[in-house]
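First the proteins, then the strands, lettered A, B, ... as listed; each starts at 1.
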There are 2 protein chains.
Amino acid sequence: MDEVFRAIADPTRRAVLDELVDRDGQSLFEICTRLTMKHGISSSRQAISQHLDVLEAAGLVVTRRDGRFKFHYFNGAPLAAIAQRWLQAKGNNS
Amino acid sequence: MDEVFRAIADPTRRAVLDELVDRDGQSLFEICTRLTMKHGISSSRQAISQHLDVLEAAGLVVTRRDGRFKFHYFNGAPLAAIAQRWLQAKGNNS
DNA sequence: TTGACAGGCAAGCGTCAGCTTGCGTATCAT
DNA sequence: ATGATACGCAAGCTGACGCTTGCCTGTCAA
C-alpha cells in the first residue's frame, strides 16, 4: 500500500495511468509515443520503463508478455481504498 | 492538485492525517506527542511542522491561530477527486 | 542467417525531499 | 519584568528519486 502512494506521486506516472485508462494494453513504445504526443512528456524509453516498473510493483499496472512485446494493463483496484482511508469515518466531506 | 499527490506520498504525513481525523483541531505539540505515542514516529517538532506546511499547502489541513497556539483541522475535500480520476469517467485529466 | 526491433540490466549523475540544528519571535503565567 | 511556552525561519546535510548512458538478451522479418 505504501508503494501505491509513492507510485502516484510522480506526474509522469500519473500520465501513464491516464494513457492506459484511455487505451488499455499498450506496449512500452506505444506508451512512449503517446506520452510525447498527447502529454508533452519527452522522456526516454528507459525512463518510462522504470516508471512502469514502479507502477507494476504497486499493483497499478499488470503486464502480459507476447513475443517481443510486453503489454501493460491498468488495474485500479489499489486506488479504491486510498481516498476511503480518510473520508469514510467522518462522513461525507464535500 | 499536484501538491495533494505529493503530500500523501509521505508516510509520516499520512499518519498526521490519520491523527487529525481521529482528533480534529490539534496543536503542533499535541500532534507530535500523539505521533510518537500511537504511531511510533519519533520526529522532531520542526520535522512535523514542515510536514504540516506541506499538508496545508495541499489544502488537506486548515489552520487557525489562537494566541500562542495553532490548531490544525483536517480537510478531505482535495482527496475526493483522487481515486475518481482513474476509476470514474475517462478523459478528465488535470 | 542477418539485421532491425522490443525490451531489460546496471552503473553513474544531478536534484530534491526530509530531517536536523541553531536561533529568533510572539504569547502567556508568575 | 522575567522566564517558560508554542511556534517560525533558514542554513546545512544526507539519502533517495528520476533520468541518462551504455551494453546486453530475446524475438521476428527478410
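Nearest-nucleotide mapping onto DNA chain D: of V54(A) and G67(A), the residue sitting toward the 5' end is V54(A).
Across the protein-nucleic acid pair, Q26(A) atom CD and dA6(C) atom C1' stand 15 Å apart, rounded to whole Å. For the pair L35(B) CG and dC19(C) C1', the computed distance is 15 Å after rounding to whole Å.
Minimum heavy-atom separation, I41(B) to T36(B): O-CG2, 2.7 Å. The two residues P78(B) and G59(B) come nearest to each other via the heavy atoms CG-O, 3.6 Å. The two residues A57(A) and E3(A) make their nearest non-hydrogen contact at O-OE1, 3.3 Å.
Geometric assessment of R65(B) against the ring of F71(B) yields a negative cation-pi assignment under the 6.0 Å and 45° thresholds.
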message: I'd like to compare against my own output: the B/S/- annotation of nucleotides 6-13 of chain D with a strict under-4.0 Å heavy-atom distance to protein.
response: SBBBB---

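Applying the side-chain hydrogen bond (donor to acceptor under 3.5 Å, both in side chains) test to R13(A) and every residue at least two apart in sequence or in another chain returns H51(A).
Under the 4.5 Å side-chain heavy-atom criterion for Ile, Leu, Val, Met, Phe, Trp and Tyr, M1(A) and W86(B) are members of the same hydrophobic cluster.
Dashed line: the shortest gap from a side-chain N or O of S44(B) to OP1 or OP2 of dC19(C) is not under 4.0 Å.
The existence of a salt bridge linking D18(B) and K38(B) is excluded, since no basic side-chain nitrogen approaches an acidic carboxylate oxygen closer than 4.0 Å.
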Dump every N/O contact between nucleotides 14-16 of chain C and the protein below 3.5 Å, one line per pair.
none

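L20(A) is not listed as a side-chain neighbour of L60(A), based on a closest heavy-atom distance of 4.5 Å or more.
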